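Let me begin by presenting the structure, written as structure tokens, before commenting on it.
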Amino acid sequence: MAFPKTGRTAESLLAELEARKGNDVRWKEGRVFAYVYDAGPEAMETVKQAYGAFLTENGLDPTSFPSCLELERDVIAMALDLQNAPPGAKGSFTTGGTESILLSVKTARDHARATKPHITEPELVLPETAHPAFYKACKYFDVKPVVTPVDTEAFTALPDAMEKAITSQTVMLVGSAPSYAHGVVDPIADIGRIAMKAGLLFHVDCCVGGMYLPFARQLGADIPDFDLSTPGVTQMSLDFHKWGYAAKGASCILYTDGELRKHQIFAWSGWTGYTIVNPTIQSGRSGGPIAGAWAALNFIGEEGYLRFARATQEGARKVCDAIREIEGLKLLGNPPGNLLAFAAEDFDIFALSDAMKARGWYLQPQFGFGPSPANLHISVGFVNAPNVDAMLDDLRAETARLRADAAYKVAAHKPEDIAGIAAMDPAELLDSMSGVFEARAGGPGAEMRPINALMDALPHTARDRILTEYINRLYAKPQNTSGSA
Ligand SMILES: Cc1ncc(COP(=O)(O)O)c(C=O)c1O
């Protein structure tokens, strides 16, 4: 698109924007079991209006926009209350789980710099199920990730392994409540005891669980201790834009000891312009996400979140029970909440995601890693719950169909082929597969199985290189054309 010479009417622009969603996953029908957190039209409209009302307000300067400051204080206070924080706890509103985690790792590094000068090469101990945002944080802030194994059946962290991984350079331990991939909760209380004994910070990644587990627990779900009252927990990431049903761009980082937050803040007046004092990564920032989160929490309230959790817990239990019974499928671990993953025992799981996609469902493919085989992830949200039975009918039918067809056995790649591909220059590899990736770059009917199977067979470092090259090309590709950019 060339830079426009003249403006266009709002009407034509908005119509075009709507039309451009044509190839997106169709989330409004409640058939997408990932990515989207939809509380229904009334709540979403309220969030939209609140977001719009604060679109232009600038959270950069809380003295010029006390409204943004007050909304943030409210939202953080509500999160601390929900997570049973001790007195003196504090937090910051951020743009998402990733930013919350980035800030937490930076805080851990800078806290160590200030209080433990012997630490020159800081390390973070994390189970292999921890979210990639921790690796991103380690890359950005030059911290070494020390990865520990998880239970090969339960997919939960092994506290002993984490304790053994602690060195004189360790700055923080990590646990998930729950992990995204399998939806299982790490033994937070045990890890907390280790953190206290070793005098370390301990981050509980509650990005996807923070606005869900407290309510599921209240309804009687068997969820181990995970919140800010758990001894040893020093910080937590919690996303409002997941099961808080706020608009995207809404998360927080919480500290049981508010003094820790100081390590996050960046101040700079050593230049010719206005003074910068940023508690988080952004500087100029719209008040929209804060207002949207504030509105979601107050519109839905405890009563509403309990109602959502009841519906989603029921839906998720149905899905888990069905998967345990469908021949050829295996539920991974024992997820107590609304996130789960399952593998195929004797056929290609990625053929199943394609088949379900053809029937209008989106189940999220996840590559095999460590003890976790290739699998499909399901997040059951409020609008998915009424569709669970229909989804399971199709899942049963497609599983039976694929298992009966020899063409859908797991694609066997020869080790030497995989080694050869892994060693290739990613640009050359993509050139040699001319158009294969591009042809599958989305669209409702795109068959992803061959690509997923190949990626799954590769070591993660090789697939990360290939996918980096692929995404770099994808964003450079002119619209409505095919072939490599
Ligand atoms: C456990 C966990 N941590 C971190 C994140 C990253 O959150 P975001 O996508 O908001 O950056 C996610 C996202 O799903 C998550 O599930």
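Residue indices begin at 1 and follow the sequence shown. Computed from a predicted model, the values in this text were never measured in an experiment. Just so you know, ligand 1 is whichever comes first in the structure, and atom 1 is the first atom listed for that ligand.
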Is the distance between the ring centroids of Phe382 and Tyr245 under 6.0 Å? no
Once the angle between the rings of Phe155 and His182 is folded into 0 to 90°, is it parallel (under 30°), tilted (30 to 60°) or perpendicular (over 60°)? parallel
Stepwise salt bridge (Lys or Arg N to Asp or Glu O under 4.0 Å) check, Arg307 with Glu303: CA-CA 6 Å; Arg307 189 160 41 85; Glu303 176 275 324; 3.5 Å; yes
Relative to the ring of Phe350, is the ring of Phe367 parallel (under 30°), tilted (30 to 60°) or perpendicular (over 60°)? perpendicular
Can Leu228 and Asn84 be said to form a side-chain contact (heavy atoms from CB on, under 4.5 Å), step by step? CA-CA 6 Å; Leu228 292 174; Asn84 296 313; 5.8 Å; no
So do Tyr180 and His377 actually touch side chain to side chain, heavy atoms under 4.5 Å? yes
Under a 4.0 Å heavy-atom cut-off, which residues neighbour ligand 1? Gly96, Gly97, Thr98, Ile101, His131, Pro178, Tyr180, Asp205, Cys207, Val208, Asp239, His241, Lys242
